[in-house]
Undergrad: 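I am attaching a structure below and will ask some questions about it afterwards.
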Protein chains: 2
Amino acid sequence: MAQSDVLLTELKSHGYRLTRTRRALLDVFCSLTCPVQAPELVAMLAALGVLVNKTTVYRELAFLERAGMVHRVLLADGLTRYELARQEHHHHLFCVRCKAVSRVCLDDSICAVSDAIRRQSGFRTIAHSIEFFGICPRCDEGERQE
Amino acid sequence: MAQSDVLLTELKSHGYRLTRTRRALLDVFCSLTCPVQAPELVAMLAALGVLVNKTTVYRELAFLERAGMVHRVLLADGLTRYELARQEHHHHLFCVRCKAVSRVCLDDSICAVSDAIRRQSGFRTIAHSIEFFGICPRCDEGERQE
DNA sequence: TTGACAAACGCAACCAGGTTGCAATAATGA
DNA sequence: TCATTATTGCAACCTGGTTGCGTTTGTCAA
Ligand SMILES: [Mn+2]
Ligand SMILES: [Mn+2]
Ligand SMILES: [Zn+2]
Ligand SMILES: [Zn+2]
């Protein structure tokens with residue numbers, strides 16, 4: 001059973017409808033390895049022959065977010081991206097040159113600062129975002145040759 | 001000498017003009033303790049009697065960013081904020097309830113993961129952003145009473 | 001299979017943040 | 001004071017995102 005079918009089954013079991021958009025969107029998300037913007041999703045669906053209005057995509061993203069299946073990713077350019085939730089916990093490397101996004105898994109201890117923050121300031125952390133901005137290996141190579 | 005005068009002097013020494021907008025903007029930035037959005041700055045300047053067009057503010061922010069005096073801060077709501085650069089290195093706590101932004105200084109070791117990332121993936125980190133999203137002490141108090 | 005019903009949808013209009021081209025203005029040093 | 005050029009205002013534009021509302025469609029029970 002494909003990963004997207006697992007998700008569809010879960011939605012169905014909660015009484016939600018399995019629409020063309022919903023199926024296609026989850027398919028796309030399962031095939032991706034890095035976060036994407038909503039307008040990009042509209043284009044990707046169109047390329048698959050699924051012509052869907054941007055309003056629908058935004059509403060569907062909100063729905064999938066509520067259902068805990070996708071979440072937002074904020075990177076250095078201020079644009080909102082989405083990726084499948086329930087992946088191995090990881091963080092992002094954003095190349096400020098070519099805008100490529102890659103992933104990195106960090107040591108648990110780095111993610112465990114929440115407790116220290118709670119003690120220090122009383123702030124109850126729900127989530128964190130650790131993003132690194134810099135130059136990816138490919139661009140670094142290119143720059144050295146210029 | 002006020003902090004903003006130091007910055008103005010530096011700009012002047014590089015041959016840049018000291019305009020009304022520039023002075024007022026640096027004054028405002030020096031008086032703030034957390035990052036602000038561009039439209040907020042337009043309003044704050046207006047409240048000080050400095051009526052300035054939003055285009056000018058955006059251009060001035062780009063200028064001050066190039067000059068290394070302010071930088072962008074991206075938080076959980078996807079809006080771009082700016083704050084004075086050259087502060088003690090710190091990170092942000094974003095209350096998802098009241099949207100308040102506070103600051104926290106983390107252990108150096110947490111910020112030093114860049115080397116590990118370089119070894120692991122070849123990605124050359126220039127900057128990082130570590131943001132925490134959760135409930136601030138005030139809101140936490142309020143929620144407990146409801 | 002059919003129909004009722006609510007969920008999902010498309011569309012148009014709208015909003016906010018941000019950008020651009022260009023002509024007018026103002027800070028500077030001579 | 002004047003020339004030079006950085007800075008500014010304005011209008012028009014762009015993109016991402018939202019809203020209201022009437023229509024379509026997925027689901028399930030008859
Ligand atoms: Mn990711
Ligand atoms: Mn800060
Ligand atoms: Zn790159
Ligand atoms: Zn709060």
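Heavy atoms only: backbone and side chains are in, while hydrogens, waters and symmetry mates are out. Naming convention: chains lettered A, B, ... in sequence-line order (proteins, then strands); numbering from 1 in each chain.
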Undergrad: Heavy atoms of chain A, cut-off under 4.0 Å: which first and last nucleotide of DNA chain D, 5' to 3', fall inside that, if you could look?
TA: D/dG16 to D/dT27

Undergrad: Give the ring-plane orientation class for A/Tyr16 versus A/Phe63, where under 30° counts as parallel, over 60° as perpendicular and anything between as tilted.
TA: perpendicular

Undergrad: Map B/Arg81 and A/Gly15 onto DNA chain C by nearest heavy atom, then report which one ends up closer to the 5' terminus.
TA: A/Gly15

Undergrad: When you measure from the side chain of A/Arg22, which nucleotide among C/dG18, C/dA8, C/dC11 comes out closest?
TA: C/dA8

Undergrad: Could you state the atom-to-atom distance from CG of B/Leu18 to C1' of C/dG29 in whole Å?
TA: 14 Å

Undergrad: For the pair made of CG in B/Leu79 and C1' in C/dA16, what is the distance, rounded to whole Å?
TA: 9 Å

Undergrad: Taking the side chain as C-beta and beyond, is there a heavy-atom pair between B/Leu11 and B/Leu64 under 4.5 Å?
TA: yes

Undergrad: Return the value, rounded to whole Å, for the distance between atom CG of A/Leu45 and atom P of C/dC9.
TA: 11 Å

Undergrad: Check the surroundings of atom CG in A/Asp107: do more than 12 heavy atoms from other residues, nucleotides or ligands lie under 6.0 Å from it?
TA: yes

Undergrad: Using a 4.0 Å heavy-atom cut-off, does B/Leu61 contact any base of the nucleic acid, only the sugar-phosphate backbone, or nothing at all?
TA: nothing

Undergrad: So which one's nearest nucleotide on DNA chain C is more toward 5', B/Ala38 or A/Leu51?
TA: A/Leu51

Undergrad: Got a donor-acceptor pair under 3.5 Å from the side chain of A/Arg17 to the base of C/dA8?
TA: no

Undergrad: So what does B/Arg59 hit on the nucleic acid, given a heavy-atom distance under 4.0 Å: a base, only sugar-phosphate, or nothing?
TA: base

Undergrad: In this structure, how many angstroms lie between the P atom of C/dA16 and the CD atom of B/Glu40, rounded?
TA: 14 Å

Undergrad: Run the salt-bridge test on B/Arg86 and B/Glu10 with the 4.0 Å N-O cut-off and return the result as yes or no.
TA: yes

Undergrad: Without decimals, in angstroms, what is the distance between B/Glu60 CD and C/dG18 P?
TA: 16 Å

Undergrad: If I take atom OH in residue A/Tyr58 and atom C1' in nucleotide C/dA12, what distance separates them, rounded to the nearest angstrom?
TA: 16 Å

Undergrad: Which of the following nucleotides, C/dT28, C/dT19, C/dC11, is nearest to the side chain of A/Thr55?
TA: C/dC11

Undergrad: Can you tell me the distance, in whole Å, between the NZ atom of A/Lys54 and the C1' atom of C/dC15?
TA: 11 Å

Undergrad: Nearest 0.5 Å, what's the CG-CG distance between A/Leu45 and A/Asn53?
TA: 11.5 Å

Undergrad: Find the distance A/Leu64:CG to C/dA8:C1' and express it as a whole number of Å.
TA: 13 Å

Undergrad: Between CD of B/Glu83 and CZ of B/Arg103, what distance do you get to the nearest 0.5 Å?
TA: 7.0 Å

Undergrad: Does B/Arg22 use its side chain to pair, donor to acceptor, with the backbone of B/Arg17 at less than 3.5 Å?
TA: yes

